[in-house]
Amino acid sequence: MFAYYMELALRSLKRNPVLTALMVLAIGLGIGASMTMITVLHVMTNDPLPERSAHLYTPHLDPLPLDYTHGGNGPDPADNLTWPDAMSLLRAHRGVRQAAMAGGTLLALPVQSGLQALYAAGRYTTADFFALFGVPFEYGAGWSAEDDAAGAHVVVLSDELARKLFGRADVVGRTARLGELDYRVVGVVSRWDPAPQFYADSTGSQFSDIDTFFLPLSVAVNEDLPVSGNESGWSDDEKAGSSKRGAAMSWLQFWVQLDTPAQVADYRRYLVNYSAQQKALGRFQRPPTEAALFGLMDWLAHRNLVPNDVHLQLWLALGFLFVCMVNIVALLLAKFLRRSGEISVRRALGARRRDIFVQLGVESALIGVAGGTLGLAIAQLGLWSVRHRPDDYARIAQMDPSMLAGTFVLAVLASVLAGLLPAWRACRVAPALQLKAS
Amino acid sequence: MELRPILSTLRRHKTTAWLLILEIALTCAIVCNAVFMINHRLQHMQMSTGIDEHALVQIQVAEVAPLPDIYARAREDLAVIRQVPGVQAATLVNQVPLGASSSNANIMLEPTQRQPTLNAGTYFGVDLGPTMGLRLLAGRYLRPEEVLDSDVVLKALADGDTKVIAPVTVITQAMAQRLWPGGEALGKMVYLGPIGVRVVGVIEQLARANAYDDATAQYSMILPMFMGAGKDQSYLIRTHPQDRHAVLKAAVAALKKADPRRVVTTQRTYDEVREKFFENDRSMAGILVGAIAALLIVTALGIVGLASFWVAQRRRTIGVRRALGATRRNILVYFQTENFLLATIGIALGMVLAYGINLFLMMHYELPRLPAVYFPVGAIALWLIGQVAVLGPALRAAAVPPVVATRSV
């Protein structure tokens, strides 16, 4: 029966090629635009570290004075930690692993003379960083806690930066010049670029930044290396409010690995206790319950990385899809009703309403399949154009298999849905009336 | 034109007619809002910076090794640049308007104030006014002897020895208006934290580097401090607009010649600065234009499709009417009126919907209220599109010969 309906549908579609093309084009455009934007939203809210995200948490304290009000549209200083707090959390060692970190951009000098120096973005962090996030090493390894304590001038390079500086990746033991200092290379990591860069400060380009070097945080503090994130001070005292070691300047990010719910609960308690203790000491002024522990995905949701323009574009695309759907419903309805005569003959010959309904449904679905295929192509084109846009998230605008299947399902669903009303109306045509009229 | 026959025909195709009306309404509502958003973006992109944009080029330089004296180096570099043929003026500045990377300060009217009155972009440099081509409205620019090296200023502030520094500033008119509405700004004091500075000049405009918000885009002030060479500082060169590419190239070459080891990290005309700053707005405006075009085309094609159906369906009726004496013109006008009627109902619904969409956008995306002038835009667009789309099928209907009436279907 199905094969017969297919044949009928094909014949009917071929009878009005222009109209068929119009409907396929409309659904293709609508689906293409919507899927482009849904894909962009999907990749922007993606889990950057699927294997580890469930166990990664970032603690937050509120060291701001009571009378501090967050003015303007700048980032909240309480998003980051101060040096004394980060070091206390690190020393307390309450998680399975933990690391403090901050971003930095340094001028890197290639060893071969004649090559242009280049700006390299990287991270100042502590020894556990690599194990905490599972950064894959190609050569060598990270540095030790002793290196952190001693402020050793060691560096881990990305494969990409190693090749740019030395012309090859196997460079453990060699000396790299970054900024105004020399560092001994202890490790080289292969490409590792979680998008969004969840562990970075909120002021960076979360989707396009990639770390190309890692060096001990203690070195950055000792040598006062430039920090690329937000450094917010809230004290008139020069020492506390604008030096890296200051107790009134936040600039560090902190991540901790907690494997069981009990560990998470313990850590929460520890943060509140720590805040209470700091309040008792007179350093903190706000209630200790302001201390919070965010899971990775909660933290990304809290940060709301998706720009308003992307939301607007998604609404626009969905609005467009809806207009296309209404268009198709109207066209299908007109088309099916025009075939009242044919339908009446079939009904008079014994076809039940259900049969007519299924027959017309198959025709709608066929348009959906064609429209979906076209929509997929248009969405690919749309994503290609997104990748060539100046936006931060351009790089990651790619369709994964689940989105591909989703597009197709949406297209067929949309057109079957669009075909429902017309098919229902058409199958309710009273055969006697029609037959008499013709 | 008699409306009754049209209405009675439409009543027999109620569902289809309502679907078409719904489509027109949706398109009208989206088009109204999209045109408004495009205009909003375009207006933002037209933001005036107050500087002589076409005459300026920007160069940023980074050093590989620490410099013994960043101030001496900056003065040498400026001397080198001024030697380049075609350079009219050159200066060192800590930020450029619309340059994205910004330096700002909280401004207060009293030193004891807990909450700042406003936040302003802070420009540091010598001779910024003449080099950038600013327009002085009152008072004077900072004098070169007032502009001290930043380490001297910072040391004096740290020691509390404020006698050596000249606490003066030049502010924009917008900032003066905001601080002292309707009043005179010259001679008044503003405070950057505990530091008081006296307003000695008011300039017409100077956009800040992070001018994302139109309301505060012109809050800028010039402070007497010379920053010295550094990777975040910019050499700003003024030249004749038609020479700027050549001058930029020559200046970069001269700087590289003075010290081959350093890296030129930025070299661009000011027009490129502006272009980069508004890149996202331009691309969003482009997307909106595309969306409007796609919506109107889909709606037009929908109207064509539906009208063609109706014409084919009513061939016999049309033939009868023709046989009974209706002219071709009558038939044409009939279909045109029918479309006009549907479009009008759609547009009326669309207006309400447009208002609703705007309310939603205002709530969630900080968009301003849709001005009433945008409602006719959507209406006219859809009336026109409707009439153009229906013309083809209507002409086909008008061409139906009266003899059709005598044939059976």
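By convention in this document, chain letters (A, B, ...) are assigned in the order of the sequence lines, proteins followed by strands, and residues within each chain are numbered from 1.
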Can you name the closest pair of heavy atoms from A:L316 and B:A291 and give their distance?
CD2-CB, 3.5 Å

Taken to the nearest 0.5 Å, the spacing of A:R425 CZ from B:T16 OG1 works out to 7.0 Å

Among A:L118, A:L333, A:V323, who wins on heavy-atom pairs under 4.5 Å with chain B?
A:V323

Atom CZ of B:R315: over 12 foreign heavy atoms under 6.0 Å
no

Out of B:R262, B:K231, B:Q313, B:H364, return the one with the most heavy atom pairs under 4.5 angstrom to chain A.
B:K231

Tell me, out of B:M37, B:M284, B:E63, who's got the most heavy-atom pairs with chain A below 4.5 Å.
B:M284

Which atom names give the shortest non-hydrogen contact between A:L312 and B:L361, and what distance separates them?
CD2-CD2, 3.3 Å

Would you find more than 12 non-hydrogen atoms of other residues, nucleotides or ligands less than 6.0 Å from B:K155 atom NZ?
no

Would you please test B:V298 and A:F320 for side chain to side chain contact (heavy atoms under 4.5 Å, CB included) and show each step?
CA-CA 9 Å; B:V298 166; A:F320 180 60; 4.0 Å; yes

Which atoms of B:T265 approach chain A - backbone, side chain, both or neither, heavy atom under 4.5 Å
side chain

Please report the closest heavy-atom contact between B:L306 and A:A330, naming both atoms and the distance.
CD1-O, 3.5 Å

Part of B:L301 lying under 4.5 Å from any heavy atom of chain A
both

Please tell me if the side chains of A:D309 and B:R41 come closer than 4.5 Å, counting only heavy atoms from C-beta onward.
yes

Considering all heavy atoms, the nearest A:V326-B:L19 contact
CG1-O, 3.2 Å

Sequence neighbours left out, what pairs pass side chain to side chain donor-acceptor pair (under 3.5 Å) with at least one residue falling in residues 24-34 of chain A?
none

What verdict does the side chain to side chain contact (heavy atoms under 4.5 Å, CB included) test give for A:L421 and B:T15, after you've listed the backbone C-alpha separation in whole Å, the side-chain angles of each residue and the deciding distance to 0.1 Å?
CA-CA 10 Å; A:L421 173 82; B:T15 320; 4.1 Å; yes

Counting heavy-atom pairs under 4.5 Å with chain A, the top scorer among B:I287, B:L367, B:V304, B:L288 is B:I287

Nearest heavy-atom contact between B:G305 and A:L19 is CA-CD1, 4.3 Å

Contacts of A:D209 that satisfy side-chain contact (heavy atoms from CB on, under 4.5 Å) - sequence neighbours left out
A:Q197, A:S205

Here the gap from B:T27 atom OG1 to A:F322 atom CZ, rounded to the nearest 0.5 Å, amounts to 11.0 Å

Note: vs chain B, highest number of non-hydrogen pairs under 4.5 angstrom among A:N327, A:L107, A:V329 is A:N327

What's the spacing between B:F309 CZ and A:N16 CG if we round to 0.5 Å?
5.5 Å

Please look at A:L331 and chain B and tell me whether the side chain, the backbone, both or neither of the residue comes under 4.5 angstrom of a heavy atom of that chain.
both

